[in-house]
> 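Dropping the structure in here first, questions after.
Remember, it's 1-based here, ligands and their atoms both numbered in the order they're listed.
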Amino acid sequence: MGLNIVSKKGQTPIEDDDREYLKIKGLSNLEELNFYEHENIAKARHWLLKKKKFKAEEVISEKFILEIHKKMFADVWLWAGEFREREMNIGSSVINIRMDLRNLIDDFKYWLDNKTFSQEEMIVRFKHRLVKIHPFRNGNGRHSRLIAEVLCEKVFSLAPFSWGDVENDDGAREKYLQALCLADSGDYREILGLVRRV
Ligand SMILES: Nc1ncnc2c1ncn2[C@@H]1O[C@H](COP(=O)(O)OP(=O)(O)O)[C@@H](O)[C@H]1O
Ligand SMILES: [Mg+2]
């Protein structure tokens, strides 16, 4: 039985050969897959909720980045918490993923030490570069937003970000993707405007 999955714009297509990585057998459509992923992510959020505070260095570490992805997707996907091993048309080449992540982590530490940007901008820049590296086979968008959320609320005690309803509302998703595209060229104003609460 095929999954018959249609991807929304800006989402990684789920291809036929992804099915072998599904832990839950017998899924027949995208709604079912969404449901199980959603449940898994709710569990990850619940785990985070019980945590009081994190140090910035902890959250941006390779270990935590992998751990959160694992907590979000391990009930559903075999590749949860593992760097991708397949080239994609977005993101770093497989061979560069760890090094690009290392550079991003070092940049964040530098920004932190030197107060290069506001806390808000540091988080937005980290989130954007993380999703641009695209470390995982799937879930990079949701993962990078959750990491940003943790930095926002559990590290810097800032008011929560609002990306808009990017998972359900096509208009909001379009705005968010356009803002990420602008950030690709170094212009973070749009994405900063998007998350800033008014
Ligand atoms: N031009 C871009 N620059 C940076 N990130 C992008 C761009 N286009 C898409 N993305 C990110 O990639 C995400 C989709 O990756 P994917 O691994 O499928 O995540 P998810 O499954 O959580 O949606 C989008 O939500 C967006 O955050
Ligand atoms: Mg996806």
> Mark up the atoms of ligand 1 that fall under 4.0 Å of a heavy atom belonging to Y176, in ascending order.
25 (O), 26 (C), 27 (O)

> Is the F117-W111 ring centre distance short of 6.0 angstrom?
yes

> Out of K127, R45, K154, which one pairs with E149 under the salt bridge (Lys or Arg N to Asp or Glu O under 4.0 Å) rule?
R45

> Report the part of R173 in contact with ligand 1, treating N, CA, C, O as backbone and CB onward as side chain, heavy atoms under 4.0 Å; options are side chain, backbone, both, neither.
side chain

> Taking only heavy atoms of R142 into account, list the atoms of ligand 1 that are under 4.0 Å away from them.
20 (P), 21 (O), 22 (O)

> Using a strict threshold of under 4.0 Å (side-chain N to carboxylate O), is an ion pair present between E62 and R102?
no

> Using a strict 4.0 Å cut-off to heavy atoms of C181, name the atoms of ligand 1 that fall inside it.
1 (N)

> Do K109 and E57 meet the salt-bridge criterion of a basic N to acidic O distance under 4.0 Å?
no

> Answer yes or no for R98 and F83: cation-pi contact, defined as NZ/CZ to six-membered ring centre under 6.0 Å and angle to ring axis within 45°.
no

> With a cut-off of 2.8 Å, does N138 put an N/O/S atom close enough to the Mg ion (ligand 2)?
yes

> In ligand 1, which numbered atoms sit nearer than 4.0 Å to a non-hydrogen atom of G141?
13 (C), 15 (O), 16 (P), 19 (O), 20 (P), 22 (O), 25 (O), 27 (O)

> Show the atoms of ligand 1 that are less than 4.0 angstrom away from any heavy atom in V131.
4 (C), 5 (N), 11 (C), 12 (O), 27 (O)

> For atom CD of E85, decide whether the heavy atoms of other residues, nucleotides or ligands shown that lie under 6.0 angstrom number more than 12.
no

> Centre of W163's six-membered ring, under 6.0 Å away, within 45 degrees of the axis: is that where NZ or CZ of K175 sits?
no

> Just which atoms of ligand 1 are under 4.0 Å from any heavy atom in N138?
16 (P), 17 (O), 18 (O), 19 (O), 20 (P), 21 (O)

> At a 4.0 Å threshold, what atoms of ligand 1 neighbour a non-hydrogen atom of H134?
12 (O), 15 (O), 16 (P), 17 (O)

> Ligand 1 versus R145, non-hydrogen atoms closer than 4.0 Å: side chain, backbone, both, neither?
side chain

> Below 4.0 angstrom from a heavy atom of D184, which ligand 1 atoms are there? Numbered from 1 as shown, please.
1 (N), 2 (C), 3 (N), 4 (C)

> So, is N140 polar-close to ligand 1, with some N/O to N/O distance under 3.5 Å?
yes

> Any salt bridge linking D75 with K43? Criterion: basic side-chain nitrogen under 4.0 Å from a carboxylate oxygen.
yes

